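Model, not experiment: these values are computed from the prediction. Lettering of chains follows the sequences in order, A, B, ..., and the numbering in each one begins at 1.
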Amino acid sequence: MIDPKRIRENPDEIKKLLARRKCPVSVDEVLSVDEERRKLQAERDTLRHDLKQASDAIGKLKREGKDASEAMAKTKELSAKTKELDVKLSEIEARFEGLLWQLPNLPDPAATDEDTVLRSWGKKPEFDFEPKDHVALCEELGLVDFRYAAEYVGARFAAYTGDGALLQRALANFCLDLHTKEHGYKEVFPPVLARAESADAAGQLSKLDDMYALRDDPLYLIPTSETALINMHMGQELKEEELPLKYTAYTSCFRREAGTYGTQTKGLFRIHQFEKVELVQFAHPDRWRAAFDEILSNAERVLQLLQLPYRIKALSPAEAAFQASLTFDIDLWAAGAEDWLEVSSVSNCRDFQARRNKTRLRLKDGNLIYPYILNGSGTAFPRLIIAILENNQQPDGTVRIPDKLRPYMDGKDYIGK
RNA sequence: GGAGAGGUGGCCGAGUGGUCGAAGGCGACCGCUUGCUAAGCGGUUGUACGGGUAAAACCGUACCGUGGGUUCAAAUCCCACCCUCUCCGCCA
């Protein structure tokens with residue numbers, strides 16, 4: 001949520017910033033509803049003040065043992081009028097809130113309107129044979145059973161089998177070990193279901209159609225563990241001294257992604273359930289950049305240790321998620337697909353989510369503000385698996401396991417040998 | 001899922017219709033004080049929205065799990081729901 005005061009005080013600035021991204025409501029509408037709301041509140045407050053005084057007077061009369069029936073009859077009318085205004089006010093307040101919640105986060109001033117590749121790392125592998133894509137490799141090495149998954153649950157799901165399942169588990173342990181032991185994150189294993197309000201706080205209810213809902217309970221399968229982690233302190237007051245708070249979680253993520261058929265849907269590329277290690281930091285607003293850079297480098301470290309070539313791309317505000325102010329994507333090079341695959345998205349959401357879930361920050365000077373919440377994948381597995389398989393494939397159809405992953409893969413050097 | 005108990009400020013905890021934004025305690029902050037490892041004394045200390053201000057001060061309203069209701073008046077009475085704890089059931 002954007003600070004409503006900021007909208008009121010700098011409407012032109014807000015309009016200009018929001019023009020850079022998809023925004024379903026107009027700032028002018030927000031402003032006019034706000035004005036109406038303030039007017040109504042002033043009226044209601046005055047009326048209620050009078051009512052309170054009248055009631056107090058009645059109390060006094062009664063305590064003194066005097067007759068208050070006349071005063072009570074008179075006050076009844078005042079009470080009715082106040083209630084009428086109460087109803088009107090809460091209606092307009094709800095409308096105001098509703099509009100506010102539909103406004104996407106303001107883009108960072110530094111964000112460019114075109115996606116921009118900032119830098120890259122590693123060398124694309126070269127082959128003296130025709131490299132296969134991951135679907136072929138998975139089938140030949142028995143790593144994923146797409147047929148079974150399709151029959152069992154439906155299209156665009158994966159069932160990892162044998163060394164494929166082991167690889168998945170190895171990556172989870174590898175990433176979690178790295179982030180907890182070397183990068184200082186606290187590991188969380190959260191529920192993968194969330195209430196609507198929790199998802200809404202994260203900003204994900206704006207993509208309601210993308211979430212799986214349960215039939216009998218008002219719960220949703222989380223599209224990312226960001227949903228779970230950014231709500232770790234909902235309703236709480238954090239102390240400046242305890243920042244930054246750093247959390248990591250390995251969970252399955254669920255996305256319906258209706259309407260994305262046709263583009264890059266082969267194999268593991270875009271599936272309805274995927275696994276991901278997420279990184280979230282709660283940071284002091286003044287130190288968000290350090291937290292942002294840290295999350296980015298934490299994610300990069302995974303790829304460096306696994307020797308996977310990648311590039312960092314600054315996302316345009318139009319591309320960024322509803323809740324994000326600044327986003328850098330990390331794209332992995334996949335040699336079989338001969339394409340870049342997004343494996344991580346690092347975002348600064350500023351105080352957007354903290355305002356929504358009422359996470360606040362008590363500063364040393366006593367002031368109460370909202371902390372900034374940042375997140376990033378560290379990283380998403382199906383695509384990591386695609387890149388590992390395609391980039392490390394050998395002429396004989398086996399796949400070399402990156403050195404750092406071997407301890408997690410029963411010490412094996414190759415998949416398929 | 002069933003039965004019972006409970007949800008009050010940063011924390012603990014009192015409060016069954018008006019004098020309650022809420023006793024008392026703890027913690028925190030400020031001041032004073034004291035020769036013995038830190039204690040004593042005094043004071044301050046919630047949030048949101050609106051008004052007001054250069055900014056404060058200040059003023060108003062709301063908030064005692066959430067949402068409704070009764071009443072001139074609700075932390076207090078009524079209804080529904082949510083959550084926590086205990087016991088039972090079910091279950092990995």
Side-chain angles (χ1 to χ4, degrees), chain A residues 1-10 30-101 189-201 214-220 228 231-243 245 252 282 351-371:
Chain A
M1 186 163 74
I2 304 170
D3 183 358
K5 276 192 198 121
R6 192 169 161 197
I7 301 176
R8 193 191 310 159
E9 281 159 21
N10 311 291
V30 175
L31 287 170
S32 78
V33 172
D34 184 37
E35 204 183 315
E36 203 180 327
R37 167 187 142 260
R38 281 182 294 150
K39 205 180 104 202
L40 217 59
Q41 187 184 331
E43 271 177 58
R44 195 282 310 263
D45 283 358
T46 313
L47 222 58
R48 203 157 249 295
H49 177 66
D50 296 346
L51 174 63
K52 251 176 109 166
Q53 301 230 308
S55 292
D56 283 351
I58 291 168
K60 212 175 201 175
L61 284 177
K62 291 214 160 180
R63 253 176 285 131
E64 287 165 0
K66 293 178 186 159
D67 176 43
S69 47
E70 197 188 332
M72 278 163 66
K74 266 194 205 163
T75 313
K76 194 163 192 163
E77 202 180 314
L78 189 56
S79 172
K81 246 193 258 172
T82 308
K83 257 171 209 163
E84 236 172 78
L85 270 190
D86 274 340
V87 171
K88 269 198 204 165
L89 181 61
S90 51
E91 272 168 12
I92 196 123
E93 273 171 349
R95 235 176 94 203
F96 181 61
E97 285 279 301
L99 288 171
L100 274 184
W101 277 63
F189 191 87
V192 294
L193 289 173
R195 331 175 114 105
E197 303 85 79
S198 309
D200 208 7
L214 300 200
R215 194 192 63 191
D216 293 331
D217 296 285
L219 300 174
Y220 297 87
N231 283 308
M232 283 293 290
H233 299 288
M234 57 200 306
Q236 291 180 359
E237 201 177 294
L238 305 175
K239 290 196 186 85
E240 186 174 1
E241 305 82 272
E242 57 188 344
L243 295 186
L245 284 163
S252 289
F282 292 74
D351 56 357
F352 190 82
Q353 295 171 322
R355 279 179 185 279
R356 291 178 160 227
N357 69 14
K358 305 209 163 37
T359 303
R360 288 176 302 172
L361 172 60
R362 179 73 68 181
L363 298 177
K364 281 178 197 147
D365 64 14
N367 281 329
L368 195 58
I369 61 170
Y370 292 96

Novice: How many whole angstroms separate atom CZ of A/Arg44 from atom P of B/C63?
Specialist: 9 Å
Novice: Round to the nearest Å and state the distance from A/Met1 atom CE to B/C49 atom C1'.
Specialist: 12 Å
Novice: Taking atom P in both B/A75 and B/G65, compute the distance separating them and give it to the nearest angstrom.
Specialist: 10 Å
Novice: Are more than 12 heavy atoms, taken from residues, nucleotides or ligands other than A/Arg195, located less than 6.0 Å from that residue's CZ atom?
Specialist: no
Novice: Please state how far atom CG in A/Leu368 lies from atom P in B/U47, giving the value in whole angstrom units.
Specialist: 6 Å
Novice: Can you check whether A/Met72 reaches A/Lys76 side chain to side chain, under 4.5 Å on heavy atoms?
Specialist: no
Novice: May I ask which nucleotide in the shown strands pairs with B/A92, Watson-Crick or G-U wobble, both distances under 3.5 Å?
Specialist: none
Novice: State which of B/A48, B/U61, B/G50 makes the closest approach to the side chain of A/Arg38.
Specialist: B/G50
Novice: Students often get this wrong, so: under 4.0 angstrom with heavy atoms, is A/Lys83 touching a base, only sugar-phosphate, or nothing?
Specialist: base
Novice: In plain terms, say whether A/Lys60 and A/Asp56 are close enough for a salt bridge, that is, a side-chain N and a carboxylate O under 4.0 Å apart.
Specialist: no
Novice: Rounded to the Å, how far apart are A/Arg37 CZ and B/U61 C1'?
Specialist: 13 Å
Novice: Which value, in whole Å, describes the distance between the C1' atoms of nucleotides B/G25 and B/G13?
Specialist: 8 Å
Novice: In this structure, how many angstroms lie between the C1' atom of B/G67 and the CD atom of A/Glu93, rounded?
Specialist: 15 Å
Novice: Quick check on B/A62: is either OP1 or OP2 less than 4.0 Å from any side-chain nitrogen or oxygen of A/Arg48?
Specialist: yes
Novice: Between A/His49 and A/Arg360, just flag the one whose closest nucleotide in RNA chain B comes earlier from the 5' side.
Specialist: A/Arg360
Novice: Let me know the distance between OH of A/Tyr370 and C1' of B/A48, rounded to the nearest Å.
Specialist: 8 Å
Novice: Regarding A/Ser55, tell me which of base, sugar-phosphate or nothing describes its non-hydrogen contacts under 4.0 Å with the strands shown.
Specialist: base
Novice: Out of B/A62, B/G18, B/A48, which nucleotide sits closest to the side chain of A/Lys62?
Specialist: B/G18
Novice: Is the number of heavy atoms from other residues, nucleotides or ligands under 6.0 Å of A/Glu240 CD greater than 12?
Specialist: yes
Novice: Could you tell me whether A/Leu51 contacts a base, only the sugar-phosphate backbone, or nothing, with contacts defined as non-hydrogen atoms closer than 4.0 Å?
Specialist: sugar-phosphate
Novice: For B/U16, give its Watson-Crick or G-U wobble partner with both distances under 3.5 Å, or none.
Specialist: none
Novice: With rounding to the closest Å, how many angstrom separate the C1' atoms on B/A23 and B/C12?
Specialist: 14 Å
Novice: Could you measure between the two C1' atoms, the one in B/U16 and the one in B/A22, and give it in whole Å?
Specialist: 15 Å
Novice: Tell me the interatomic distance from A/Arg195, atom CZ, to B/C82, atom C1', rounded to whole angstroms.
Specialist: 7 Å
Novice: Using the P atom on both, measure B/U19 against B/G31 and round to a whole Å.
Specialist: 36 Å
Novice: How about A/Leu89 and A/Glu93: do any of their side-chain heavy atoms sit closer than 4.5 Å?
Specialist: yes
Novice: Could you tell me how far B/G68 sits from B/A56 if I compare only their C1' atoms? Round to whole Å.
Specialist: 40 Å
Novice: Sticking with atom C1', work out how far B/U53 lies from B/G43, rounded to a whole angstrom.
Specialist: 27 Å
Novice: Does any nucleotide pair with B/C87 by Watson-Crick or G-U wobble geometry, both distances under 3.5 Å, and what is it?
Specialist: B/G2
Novice: Checking contacts here: which listed nucleotide (B/C72, B/U47, B/C49) is nearest the side-chain heavy atoms of A/Lys5?
Specialist: B/C49
Novice: In whole Å, measure the gap between the C1' atoms of B/A3 and B/G60 for me.
Specialist: 47 Å
Novice: Reading RNA chain B from 5' onward, which residue's closest nucleotide shows up sooner: A/Ile58 or A/Glu237?
Specialist: A/Glu237
Novice: What contact category does A/Lys52 fall into here, base, sugar-phosphate, or nothing, at under 4.0 angstrom with non-hydrogen atoms?
Specialist: sugar-phosphate
Novice: Report the distance from atom CG of A/Asp45 to atom P of B/C49, rounded to the nearest whole Å.
Specialist: 13 Å
Novice: Distance check: side-chain N/O of A/Ser79 vs OP1/OP2 of B/A73, anything under 4.0 Å?
Specialist: yes
Novice: Which one is paired to B/A80, where only Watson-Crick or G-U wobble pairs with both distances under 3.5 angstrom count?
Specialist: B/U66
Novice: Sort out the partner of B/G31 for me: Watson-Crick or G-U wobble, both distances under 3.5 Å, none otherwise.
Specialist: B/C41
Novice: May I ask you to say whether A/Asp34 pairs ionically with A/Arg37, meaning some side-chain N is under 4.0 Å from a carboxylate O?
Specialist: yes
Novice: Do A/Leu193 and A/Asp217 come close enough that some side-chain heavy atom pair is under 4.5 Å?
Specialist: no
Novice: Look at the side chain of A/Lys358 and the base of B/U47, then say whether one donor and one acceptor between them are separated by less than 3.5 Å.
Specialist: no
Novice: Please determine, for B/A74, whether a Watson-Crick or G-U wobble partner exists with both distances under 3.5 Å, and give it or none.
Specialist: none
Novice: Under a 3.5 Å limit for both distances, which nucleotide forms a Watson-Crick or G-U wobble pair with B/C49, could you say?
Specialist: B/G60
Novice: Taking NZ, NE, NH1 and NH2 as the nitrogens, is one of them in A/Glu241 or A/Lys239 under 4.0 Å from a carboxylate oxygen of the other?
Specialist: no
